[in-house]
Number of protein chains: 2
Amino acid sequence: MSKKEKDPKIQEKITEFKNLCNALGLKLTHQRLEIFSELCRSVDHPSAEILYKRLLKRISTLSLDTVYRTLMTFKEYGLIDKIETTENQSRFEVKMSTHHHFICKNCNKIYDFDWKDFDESALPDNLSNIGGVIHKSVIVYGYCNACDEKKNEKVNKLRF
Amino acid sequence: MSKKEKDPKIQEKITEFKNLCNALGLKLTHQRLEIFSELCRSVDHPSAEILYKRLLKRISTLSLDTVYRTLMTFKEYGLIDKIETTENQSRFEVKMSTHHHFICKNCNKIYDFDWKDFDESALPDNLSNIGGVIHKSVIVYGYCNACDEKKNEKVNKLRF
DNA sequence: AAGAAAATAAGTATTATTCTTATTTAGTAA
DNA sequence: TTACTAAATAAGAATAATACTTATTTTCTT
Ligand SMILES: [Mn+2]
Ligand SMILES: [Mn+2]
Ligand SMILES: [Zn+2]
Ligand SMILES: [Zn+2]
């Protein structure tokens, strides 16, 4: 039985998830519910392994394979997304309204951001030579503020 | 010794590569030259393994590890890029002028395209809360024309 | 031509993900 | 409820992707 969520947004997503499982004929297992809930709560686009470690606290008998398998299933049914990265561990997030990703070159954290102007902009003409576009997104790279602060701390330690 | 390149663009990149190796103190080995040249010629953003298979025809003693190690080195020195994908095999390309990627949801081919308007557009303000941006790029998903044609062929076979 | 430092090949190791199978569970209908 | 069936899970084995170790070879310099 999943704990009560404080955040009503997450509560809502979970209710929606339960309904979808029913509608899609997916059995609503304890594992699926916990995996989905944990991913809902995660703001950091976790890997299967990170999710697994977090979930072990709730389901001590959980297997890593179940996490992988369940994420695959969720992806097949369009409940979650696999994120584009250059890392070799895949990372995931629950399907959300259109948004984009800032990836820190130092800590590899992935932050969400909105960019309405981009969402509304027309794609370039030359794309029709390649194919028909279904979805577009932006990835930006840089150093996150958290990392900058840490770097400054270090510099200050050296200076004083 | 690398074969003469027909394409002067590629020839030029290879010459530049040789100079850069010198400048950076990277030994210009047969393997490095062939790996770089092959990646230059590749329009398909190949994986290490694909590159390795192509290169075996030229260097029969090449080891897959050398391909991985060399690609890592090239990336460290900024000569190539690792591409963002949702696949679990990394894919690569030689560093080129700013461009973006169309990824086919069916065949996973990655096509390059230009989008000057995007390149010149300002990022959204909310990004400063996250960090400082160094690089931005677009990924679009869809079905490439090649895949569409194949699908139509199949449909026609069924109809006639 | 000789020597030092760096790079390679081969084999091994590790990491990430998937498969196999026996057991358990969710959903359903009596 | 209970019993049944199909689907899902856990555990461990297997595979795939990438990285490490070390003896040998190569590049670059002198
Ligand atoms: Mn996101
Ligand atoms: Mn490209
Ligand atoms: Zn960071
Ligand atoms: Zn295609």
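Per chain, numbering begins at 1; letters A, B, ... match sequence-line order.
Remark: P of dT24(C) and NZ of K27(A) are 15 Å apart, rounded to the nearest angstrom. We find that NZ of K82(A) is positioned 12 Å from C1' of dT18(C), with the value rounded to whole Å.
The residue among L26(B) and Y68(A) whose nearest nucleotide of DNA chain C is located toward the 5' end is L26(B). Sequence order on DNA chain C of the closest nucleotides to E49(A) and T66(B) puts T66(B) first from the 5' end. Nucleotides of DNA chain D nearest to T61(A) and M72(B) differ in position, and the one nearer the 5' end is that of T61(A).
Backbone-only contact: S90(B) has heavy atoms under 4.0 Å from sugar-phosphate atoms and none from a base. Among the atoms of the strands shown, only primed sugar atoms or phosphate atoms (P, OP1, OP2) are found under 4.0 Å from some heavy atom of L28(B). If you check every strand for non-hydrogen atoms under 4.0 Å, L64(A) touches a base. Nucleic acid contact for R69(A): base, since at least one base atom lies under 4.0 Å from a heavy atom of the residue.
Geometrically, K18(B) does not engage F36(B) in a cation-pi contact defined by less than 6.0 Å to the ring centre and at most 45° from the axis.
Taking 4.0 Å as the cutoff to heavy atoms of chain B, we find the contact window on DNA chain D bounded by dA17(D) to dC28(D).
Separation of the Y52(A) and Y68(A) ring centroids does not fall under the 6.0 Å cut-off. Ring pair F74(B)/F17(B): centre-to-centre distance below 6.0 Å.
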